[in-house]
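Structure first, commentary second.
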Amino acid sequence: MIEVENLKKYFSTGILRKRHIKAVNGVSFQIERGETLGLVGESGCGKTTIGRSLLRLIEPTAGKIIFDGIDLLHLKKKELRRLRPRMQMIFQDPDASLNPRMKIGDSIAEPLKLQGGLNKVEIKEKVSELIETVGLNPEHVNRYPYQLSGGQNQRVVLARVLAVNPDFIIADEPTSSLDVSVQAQILNLMNHLKREFDLTLLFISHDLEVVRHMSDRIAVMYRGKIVEIGSVNEIFEDAKHPYTNTLISPASSLEDQLIFEDMKDAWDSGCVFYPRCPFNTVICSKKEPEMVEIGKGHWVLCDRVT
Amino acid sequence: MSLLTITHLKVHFPTQDGMVKAIDTIDLEIANSERLGLIGETGCGKTVLGMSIIRLLQPSTKIEGEIWYKGKDLLKLSEGEMRKIRGKEIAMILQNPTTSLNPVLKVGDQIAEAIQLHQGLDKRAAREKAVEMLESVKIPSPDKRANEYPHEFSGGMKERAMIAMGLACNPSLIIADEPTKGLDVTIKMQIVKLLKEVSRRKSMLFITHDLGVATQICDNIAVMYAGELVEYAKTEDVFKNPLHPYTQGFLNSLPNMGLKPIRGMSPSLIDLPSGCRFHPRCDHASAKCTIEHPPMVEIEKGHSVRCFLYT
Ligand SMILES: Nc1ncnc2c1ncn2[C@@H]1O[C@H](COP(=O)(O)OP(=O)(O)O)[C@@H](O)[C@H]1O
Ligand SMILES: Nc1ncnc2c1ncn2[C@@H]1O[C@H](COP(=O)(O)OP(=O)(O)O)[C@@H](O)[C@H]1O
Ligand SMILES: [Mg+2]
Ligand SMILES: [Mg+2]
């Protein structure tokens with residue numbers, strides 16, 4: 001369904017001294033039709049940037065993105081617009097993605113109107129149907145976002161996304177701002193909808209436990225690179241990259257020398273994880289490791305392992 | 001011995017839509033050297049409880065009850081007397097360091113200011129102490145960092161700075177309000193470890209909605225729902241033997257416990273449900289639960305619950 005090859009996105013910041021932030025620094029992955037790929041990593045590692053690049057909400061610096069056989073980066077604006085409904089993104093903060101002055105019903109009707117082809121009565125019917133699909137009550141139609149809870153608003157966002165019949169959805173930390181019991185409701189709903197509508201999903205989160213429950217395969221990201229990718233089982237039972245192990249049992253890596261937050265600048269030569277790695281060698285600081293397939297579909301970016 | 005004793009505390013906010021019963025009613029004790037976790041969902045009243053203890057609520061707030069600290073009822077103290085306690089005896093480490101650190105003041109100066117205010121040290125000594133505090137929360141090159149502004153700190157560093165500021169005057173009671181919220185796992189674990197270290201031989205009210213974090217730090221856990229406590233137990237008992245259906249539901253909705261949600265939503269604090277406040281969402285609710293409000297009852301030593309299933 002989706003094939004990403006050597007995707008890069010650099011941002012330049014600073015007015016006097018230009019500096020490049022390598023937000024995404026050469027990542028490759030594929031997502032099969034009907035599959036959920038979990039993308040996990042600490043904040044700032046580049047997850048959202050990948051999501052936004054896939055939809056061309058931002059223009060990647062380099063790389064290749066193939067969606068259902070179509071080379072996205074070579075599409076013209078118009079062709080891209082025609083493709084838009086098939087690829088949708090859900091963001092972390094539902095309140096920010098809904099128009100505060102629009103009633104819930106109108107919010108859900110909006111994408112249907114934009115798409116065209118339905119008359120007023122049909123749109124109304126479709127809205128009621130969507131409201132029910134995402135577990136809201138008919139009376140919510142006439143309310144405003146501020147009158148609903150965060151969890152309910154995230155359901156509205158889901159209804160809006162489903163309105164255009166997408167094939168592929170990128171969910172970017174869709175439950176990070178919600179309480180655990182509400183998070184459980186929304187995640188269960190997403191899993192249910194995924195099956196019902198036969199969706200392909202890129203599920204982004206910083207919470208490995210959440211990703212575990214939502215995904216078929218998991219990609220672990222660190223500072224612009226995917227350092228390991230494999231099935232849920234491989235990641236949890238047979239993780240090979242030292243960083244993946246840190247995420248799985250954070251308590252075991254609590255040595256005080258690990259106050260790595262200080263190092264704001266990206267490590268420019270060698271392995272990205274070198275400064276934090278408990279097993280690093282001199283070579284790791286100089287030679288950039290390459291992604292190697294150590295088992296079928298299980299890829300690791302670490303020279304010591306491969 | 002008990003350091004803080006809260007009895008029959010009610011905190012209500014008059015609003016346009018009606019009276020918000022944020023706390024109604026809480027009885028709670030924190031012993032010397034006890035680390036008590038307060039858990040519950042957003043909006044159940046955790047922050048308001050913390051703010052009532054250090055009396056930082058707006059004047060229009062309606063407060064009833066008593067909060068005894070070292071022989072004084074804090075609710076009866078004048079603002080002047082309270083100022084001597086706030087920060088010095090009882091420190092609150094607030095949720096969201098981004099808004100509670102002053103963006104235009106250097107981090108070191110902010111901490112030094114707090115020290116000067118309470119300990120009567122001169123500027124130079126306060127400044128030295130501030131650097132010392134930054135060092136104690138393991139901020140690398142603290143003397144350099146003290147000269148930086150909050151925006152130059154990462155999320156985890158800001159939280160460390162907040163903790164340093166809270167501890168600067170060596171308080172007996174620390175109220176920490178969701179200090180790990182929004183932090184990445186590895187950084188979260190470092191902050192947890194730090195809080196555990198610095199709260200040794202002190203009392204702490206640790207407010208969180210992250211049960212995993214609470215278990216790492218706390219001796220006892222109080223579970224709050226819609227303005228009142230519904231369960232209180234030793235930390236391990238909350239996990240091994242949760243009694244209240246809300247506590248059970250809360251645990252089951254965690255990702256590593258199966259992601260089974262509690263149906264329905266938290267109630268409005270203006271229009272609280274009759275009887276047991278949890279009954280509209282409870283699978284065990286009987287007719288009695290819809291009418292009568294269950295009392296908090298101690299079922300085993302140190303394990304109390306507010307539920308008719310056990311009485
Ligand atoms: N528009 C932008 N301009 C400059 N830097 C950006 C921009 N968007 C993101 N970044 C930087 O790129 C990096 C990755 O960000 P992001 O993809 O949002 O990470 P994540 O979603 O994993 O938290 C961060 O260092 C961030 O500061
Ligand atoms: N100043 C205020 N005026 C009116 N309502 C308030 C005020 N402060 C808090 N509340 C309400 O009190 C309830 C408890 O809030 P809070 O203690 O912040 O919850 P939490 O458990 O998330 O910390 C919420 O419903 C909140 O909206
Ligand atoms: Mg992001
Ligand atoms: Mg709060």
Side-chain angles (χ1 to χ4, degrees), chain A residues 40-45 47 92 135-137 147-152 155 173 175-191 205-214 222 236 243 245-264 276, chain B residues 17 39-44 137-141 144-145 148 152-160 181-194 196-197 208-213 216 225 246 248-266 268 281:
Chain A
V40 69
E42 288 163 303
S43 53
C45 71
K47 305 181 296 297
Q92 169 173 358
L136 290 167
N137 297 326
Q147 293 170 309
L148 300 189
S149 66
Q152 287 174 320
R155 289 176 194 265
E173 315 238 12
T175 57
S176 302
S177 61
L178 305 176
D179 273 322
V180 280
S181 72
V182 183
Q183 162 170 285
Q185 292 173 349
I186 297 292
L187 293 180
N188 282 325
L189 173 65
M190 286 186 66
N191 264 333
S205 175
H206 66 269
D207 187 334
L208 196 59
E209 275 302 328
V210 167
V211 165
R212 178 185 206 168
H213 273 264
M214 297 300 292
Y222 184 76
F236 275 89
Y243 179 61
N245 280 311
T246 309
L247 283 186
I248 290 173
S249 45
S252 65
S253 59
L254 280 184
E255 298 320 309
D256 285 337
Q257 78 252 26
L258 283 192
I259 298 188
F260 46 83
E261 288 179 72
D262 218 14
M263 313 167 313
K264 285 183 194 144
R276 273 176 78 183
Chain B
D17 301 325
I39 65 163
E41 282 173 276
T42 308
C44 73
V137 295
K138 309 209 167 62
I139 287 188
S141 19
K144 188 179 126 245
R145 285 300 193 156
E148 292 186 357
E152 297 175 80
F153 279 43
S154 67
M157 295 282 208
K158 276 186 211 150
E159 197 55 58
R160 285 171 196 274
K181 197 176 185 178
L183 298 177
D184 285 318
V185 267
T186 49
I187 297 164
K188 187 149 98 179
M189 298 307 288
Q190 292 179 353
I191 297 290
V192 165
K193 188 175 169 220
L194 175 66
K196 224 166 143 170
E197 252 172 61
T208 184
H209 64 245
D210 187 333
L211 201 51
V213 167
Q216 308 250 351
Y225 185 77
Y246 173 68
Q248 294 167 357
F250 191 94
L251 287 170
N252 287 333
S253 66
L254 294 171
N256 56 354
M257 306 274 237
L259 269 183
K260 289 182 286 294
I262 307 172
R263 65 186 156 88
M265 286 186 350
S266 314
S268 143
R281 306 174 73 183

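Within every chain, numbering begins at 1; the chains are lettered A, B, ... in the order of the sequence lines, protein sequences first and strands thereafter.
With hydrogens and angles disregarded, a donor-acceptor distance shorter than 3.5 Å links the side chain of Q185(A) to the backbone of I262(B).
Looking at S43(A), the atoms closer than 4.5 Å to chain B (heavy atoms on both sides) sit in the backbone and in the side chain alike. With a threshold of 4.5 angstrom between heavy atoms, K260(B) approaches chain A through N, CA, C or O but not through any side-chain atom.
Atom OG of residue S181(A) and atom CG of residue L254(B) lie 9.5 Å apart, to the nearest 0.5 angstrom. Taken to the nearest 0.5 Å, the OG1 atom of T246(A) stands 12.0 Å off from the CE atom of M189(B). Taken from CG in L178(A) to NE2 in H209(B), the straight-line distance is 10.0 Å, to the nearest 0.5 Å.
Under the side chain to side chain contact (heavy atoms under 4.5 Å, CB included) criterion, S177(A) pairs with P94(A), sequence neighbours left out. Shown here are the salt bridge (Lys or Arg N to Asp or Glu O under 4.0 Å) partners of R212(A), two or more places apart in sequence or in another chain: E209(A).
In terms of heavy-atom pairs under 4.5 angstrom with chain A, the leader among N252(B), D210(B), N256(B) is N256(B).
Of the residues V182(A), N188(A), V180(A), the one that meets the side-chain contact (heavy atoms from CB on, under 4.5 Å) test with S253(B) is V180(A).
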